Amino acid sequence: MTPDQSETQPQAAAEVPERPTLDGLEERWSEVWEREGCYRFDRSAPRERVFSIDTPPPTVSGSLHVGHVFSYTHTDAVARYQRMRGKAVFYPMGWDDNGLPTERRVQNHFGVRCDPSVPYDPDFTPPAEPSEREPVPISRPNFVELCLRLTETDERAFEELWRGLGLSVDWSMTYTTIGARAQGISQRSFLGLLARGQAYQLEAPTLWDVDFQTAVAQAELEDRERPGAMSRVRFHVAGADAQEALIETTRPELIPACVALLAHPDDERQRELVGKEVLTPLFGTRVPVLTHALVDPQKGTGLVMVCTFGDLTDVVWWRELGLPVRSVLGPDGRLADVPWGAAGWESEDVGRARRDYAELRGKTVNQARKRILELLEQAGDIVGEPTLLTRAVKFFEKGERPVEIITSRQWFFRTVAHREALLERGRELAWHPPYMRARYEDWVNGLTGDWCVSRQRFFGVPFPLWYPLDAAGAVLYDEPIAAREDQLPVDPSTDVPEGYAAEQRGRPNGFAGDPDVMDTWATSSLTPQIAGGHTAGTAGSGEDDELFAKVFPMDVRPQAHDIIRTWLFSTILRSHLDYGVLPWRNAAISGWVLDPDRKKMSKSKGNVVTPMHLLEEYGADAVRYWAANGRPGTDTAFDAQQMKVGRRLAVKLLNASKFALADLPPEGQSLSNPLDRAMVARLGGVVADATSSFEEFDYARALERVEGFFWWYCDYYLELVKGRRYDTAGSGGGDGAASDGAGEATASVSRALRRSLSIFQRLLAPFLPFVCEEVWSWWQEGSVHLASWPGGAELDAAFGGAQAADGDLENTALAVTADVLSEVRKAKSQARRPMRARVTRAVVHDSAERLAALELGAEDLRGAGSIGTIEKVVSQEFAVDVELEEETAD
RNA sequence: GGGCGCGUAGCUCAGUUGGCCAGAGCACCUCGUUUACACCGAGGGGGUCGCCCGUUCGAGUCGGGCCGCGCCCACCA
């Protein structure tokens, strides 16, 4: 039933509880919403009536914190607004269970580790007493089973929390990023990119985490400040021992991996050296001295050592100057065995090179660094004392040791070639707030290489590929065998490619499955497709192209600003590559929750606030109120005080609704009283403001406006009209024609109260869904969340067609009446008298215009202020002289 | 080093195109149980709008320059 219907037809008396309460509303109403399917997506709606949301699937790695509650509440408020606007809201939830965080938890929780060489054991049960120190090696399929078992438990807990918070999600459409559908879609998209040359594999230097022993992507790096030491190291010019070349380095352990020294082309000081060859200290390897424009002559000695590979700049120099590879670091982050001598690495003194390198081999980077400095010192090739400094070092965001750069075969998606197109997509997207676009552009402009998507891990989406083995059993990487689309999803470690038998796995002339899984973002970047059921061509996962066409491109992607470079960027990329469109029209970027000291909440800091107890202590509506106060894109400090305020607002709505609905509804809709009409006119302005704010995804502004006016309404309007409202409640209809005026005045306020409360209940419903549903249920059929958003027609109806020609006068009447009431209250308060104290005479000084308007509200004002007579004096300055009745001594 | 954002009452923040004595909530103080509400109501004190120039009849609002904080990015040897 629409609100218009409800108010034009006779209503039954409202069923208002004697003592309204917030207790138990969450349980009661979330159960009703589920039972009634209140938030089910209406698939029959035409495309233009659909509003689709690409919700962030939270990482299922244990606990939720208030940051989740914060940003998901923002999205939910928008979803509820759109639903009330008549949209069929597509709002499914996903769980991001794919990836490293889950692997780590499974290892610790069950005391196992994944070893792909172990065969699958269908009867495997995890150890009764998990040991972190001696984990049981298990097969990849067994490991994945445990991952799934653990994530299922987590996902149930998450869903319970979301329901408690009142998210209006369609729970029948939940997806996971490790589920068969997601895997099928992810693999299918990969094969498409492969076929179109947008995915390729390459043996190349890639960013590498030595703890997890996997490749990582540029997007997953972060800088951390670490102490270091800068050492000045002497190289000798080959054949001219007396001539030396000095470099400065923080990574002397990479001297054996040195392939050149570089100077800036214009650096006069180095002119002598350029073009010559020098010998590396200790190892005696000949390396050339070359020039490159990226060398900064101001830094260090102006001469820099290029190693394979110390940092990303080394990779640039190595590639652009065509230098050889001499790599010393193994995948485990230790210095590997290297072949000094004849057929291997060149040295002027092989014996010494072998002897010195033996001191380093097998050591970690840190150990080797310490040792090589000692060796260099002994050799006299350190100049002066090392300088201690602090420098930014790149880390894998989930890692504990700096990333290294190691040459390996990896899969890549092309990004750099699409830079301009991606920037254009960024301009096409509507950002809320708009300045967030800069972060995206910074990132796209700063891309240094294509996206490395392969990971040497286990719990993820495998590449749908096998490779043939030649007669000697060597893998033919350049002839990958792709899975057929109708096979997807496949696991090449257990599934067999077409044309081969299972026994041929790993045999000469047989095949091998691709051992890697995809970067978790390679699947998460497809959430619009996964959520939208885009599974065409994928066997057994429920094709649903009709649904996809209805929801994609989506209307909005809500997410936090820290994952613009990962999730937002990669989703745009994939949609651009696969469909040539933006994945959504709007990006609504939320901030973070900071602790009260304005530090980011994080597990490592131990300042995380968990949300469950907040919901219990303050109630879901109150927690949502706090969250909805956080402006779009702005980091917000955690503040339990705000939750108390939210709770007060909810209680206020209960009580104001009780007051408004206490009497029987009168016939008709039109408002005859000027104050009633002015109030509704003001409310109309608030509705317009809230509506335009919501259209811009500015839920916080909408709440601020609605809330502000609601408190004014309670403090002034309700107080002003109280007397008139009670007038006939007692006097009844016995006076016949004589009481028609009074009867009509009362009917007007009664109608105004119902009209305004109906609107307030709907305006607040996106923020306080539980209490609004409660008060709505007292007098309306159906859910407030399916009622229509307040707007023009119903407001016009309040004026009964006779839109006041003197609307300005009425508005002024309401303003001046409230001003006088405020002055009267102040006088009583300063006289330390109760508010009910009688005012024998109030003299209002004001402009002639306002005094004239005051007349329209004088009756209500006298009632609200217990005022005997009101006198008016024309004046430039507004003032009220209040004469209080003598205090009766008793 | 580049970019973005922020700096308004003790605290958290509003202040949309420049316009009367700068606002709210919390906290603090005073008063008050009047039939929506003690999970309450009424009132009060409290601010050189970070600093300095400039544009203007008029600047919290626009321009320039500083200072401070936060974040993002960077080819950090």
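Order of the sequence lines sets the chain letters (A, B, ...), proteins ahead of strands, with each chain counted from 1. From a predicted model like this one, the values you see are computed outputs, not experimental measurements. Quick note: numbers below take in every heavy atom, side chains included, and nothing from hydrogens, waters or symmetry partners.
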[atom1] atoms of [N] and [M], separation to the nearest Å:
| N | M | atom1 | result |
| --- | --- | --- | --- |
| G25(B) | U61(B) | C1' | 23 Å |
| C6(B) | G58(B) | P | 27 Å |
| C13(B) | C31(B) | C1' | 29 Å |
| C49(B) | G60(B) | C1' | 5 Å |
| C28(B) | C11(B) | C1' | 12 Å |
| C4(B) | A74(B) | C1' | 15 Å |
| A59(B) | C51(B) | C1' | 16 Å |
| G63(B) | G19(B) | P | 15 Å |

Check: Any donor-acceptor pair under 3.5 Å joining the side chain of R701(A) to the base of U16(B)?
Finding: yes
With sugar-phosphate meaning primed atoms plus P, OP1 and OP2, does [X] contact a base, only sugar-phosphate, or nothing at under 4.0 Å between heavy atoms?
| X | value |
| --- | --- |
| E441(A) | nothing |
| R705(A) | base |
| Y625(A) | nothing |
| R631(A) | sugar-phosphate |
| L718(A) | base |
| D223(A) | base |
| M436(A) | nothing |
| V306(A) | nothing |
| L294(A) | base |
| K299(A) | base |
| V645(A) | sugar-phosphate |
| S657(A) | nothing |

Using whole Å, report how far [atom1] of [X] lies from [atom2] of [N].
| X | N | atom1 | atom2 | result |
| --- | --- | --- | --- | --- |
| R648(A) | C37(B) | CZ | C1' | 11 Å |
| Q641(A) | G25(B) | CD | P | 14 Å |
| W431(A) | C4(B) | CH2 | C1' | 13 Å |
| D562(A) | C71(B) | CG | P | 12 Å |
| L22(A) | C39(B) | CG | P | 12 Å |
| Y435(A) | C4(B) | OH | P | 13 Å |
| F395(A) | C76(B) | CZ | C1' | 14 Å |
| L654(A) | C40(B) | CG | C1' | 14 Å |

| Would Y717(A) and W712(A) count as a close aromatic pair, with their ring centres under 6.0 Å? | no
Worksheet entry | F760(A) ring center within less than 6.0 Å of Y713(A) ring center | yes
OP1 or OP2 of [N] versus the side-chain N and O atoms of [X]: is any pair under 4.0 Å?
| X | N | value |
| --- | --- | --- |
| K722(A) | U35(B) | no |
| T301(A) | A77(B) | no |
| R565(A) | C73(B) | yes |
| T313(A) | C76(B) | yes |
| K652(A) | G41(B) | yes |

CA sep, side-chain torsions, deciding dist, call: W521(A), F569(A), ring-ring contact (aromatic ring centres under 6.0 Å, His included) | CA-CA 10 Å; W521(A) 295 111; F569(A) 165 77; over 10 Å; no
From the list [options], which nucleotide is the closest neighbour of the side chain of [X]?
| X | options | value |
| --- | --- | --- |
| R391(A) | C72(B), G41(B), A77(B) | A77(B) |
| R836(A) | A77(B), C75(B), G32(B) | G32(B) |
| Q218(A) | C71(B), G41(B), A74(B) | A74(B) |
| W592(A) | C72(B), U34(B), C76(B) | C72(B) |
| M230(A) | A77(B), G43(B), C72(B) | A77(B) |
| R647(A) | C71(B), C39(B), A74(B) | C39(B) |
| Q830(A) | A74(B), G44(B), C37(B) | G44(B) |
| R825(A) | C37(B), A42(B), A77(B) | A42(B) |
| E704(A) | A77(B), A14(B), A74(B) | A14(B) |
| V651(A) | G43(B), C39(B), G3(B) | C39(B) |

Sidechain-backbone polar pair: R725(A) side chain, F659(A) backbone, donor-acceptor under 3.5 Å
yes
Checking S758(A) side chain against R754(A) main chain: does a donor-acceptor pair fall under 3.5 Å?
no
task: Would you mind checking if E441(A) and R439(A) are paired as a salt bridge, meaning a charged N to carboxylate O distance below 4.0 Å?
output: no
(Q) Taking D311(A) first and then K394(A), would you say they form a salt bridge - that is, a charged N and a carboxylate O separated by under 4.0 Å? (A) no
Contacts table for residues 292-301 of chain A: side-chain donor-acceptor under 3.5 angstrom, sequence neighbours left out:
residue : atom : partner : partner atom : Å
H292(A) : ND1  : L294(A) : N            : 3.0
H292(A) : ND1  : W317(A) : NE1          : 3.1
H292(A) : NE2  : E320(A) : OE1          : 2.9
D296(A) : OD1  : Q298(A) : N            : 2.8
T301(A) : OG1  : L246(A) : O            : 2.6
T301(A) : OG1  : L303(A) : N            : 3.2
T301(A) : OG1  : L303(A) : O            : 3.3

Would you say CD of E877(A) has more than 12 non-hydrogen atoms from neighbouring residues, nucleotides or ligands within 6.0 angstrom? no
RNA chain B in dot-bracket form (Watson-Crick or G-U pairs under 3.5 Å, [ ] crossing, | inter-strand) is ((((((((.[[[[.)...(...]]]].(((((.......))))).....[[[[[..)....]]]]])))))))....
request  = Please determine, by modelled atom types, if W778(A) and Q761(A) share a side-chain donor-acceptor pair under 3.5 angstrom.
outcome  = no
List the atom pairs, donor and acceptor, that lie under 3.5 Å between side-chain atoms in residues 640-651 of chain A and the rest of the protein, sequence neighbours left out.
residue : atom : partner : partner atom : Å
R647(A) : NH1  : Y618(A) : O            : 2.9

Please work out whether the ring planes of W626(A) and F638(A) are parallel, tilted or perpendicular, with thresholds of 30° and 60°.
perpendicular
